[in-house]
Amino acid sequence: MTCIDDGQVAEPGMVILDVTTHDEATAHVVMSALERSWATSGVGPVRREPGESGGKARIYADLRGPGTRA
């Protein structure tokens, strides 16, 4: 994961969430759930580090905006 730049969270309500899970499917479920609640960058790729278990993903969210909740 790259460092978080102040410009990425320059306003109240803007967040960057790093998700660490046991497997890729779980990461996708978590990102999809966040997407239903808030305006997000969407379901992104899950990265695996050699020699480490699980996967990591990053999602950007604007808590001020509604998600795709039906």
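For the numbers below, each heavy atom of this structure counts, side chains included, while hydrogens, waters and symmetry mates do not.
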Quick check: closest heavy atoms across [X] and [Y], and the distance to 0.1 Å?
X: Pro45; Y: Ala57; result: O-CB, 3.7 Å
X: Arg64; Y: Pro12; result: CD-O, 3.3 Å
X: Thr40; Y: Leu34; result: CG2-O, 3.8 Å

Would you say Leu63 and Leu17 are hydrophobically clustered, going by side-chain heavy atoms of ILVMFWY under 4.5 Å? yes
Decide yes or no on side-chain contact (heavy atoms from CB on, under 4.5 Å) for Glu11 and Asp62, but give the supporting numbers first. CA-CA 9 Å; Glu11 300 177 37; Asp62 182 346; over 6 Å; no
A side-chain contact here means heavy atoms from C-beta on lying under 4.5 Å apart; do Ile16 and Arg58 qualify? yes
For Arg48, what residues pass the side chain to side chain donor-acceptor pair (under 3.5 Å) criterion, not counting sequence neighbours? none
Kindly write out the residues that satisfy side chain to side chain donor-acceptor pair (under 3.5 Å) with Thr26, not counting sequence neighbours, or none if the list is empty. Asp23
In Å and rounded to the nearest 0.5 Å, what is the CE to OG1 distance from Met31 to Thr21? 8.0 Å
According to side chain to side chain contact (heavy atoms under 4.5 Å, CB included), who are the partners of Ser32, at least two apart in sequence or on a separate chain? Arg36, Val43
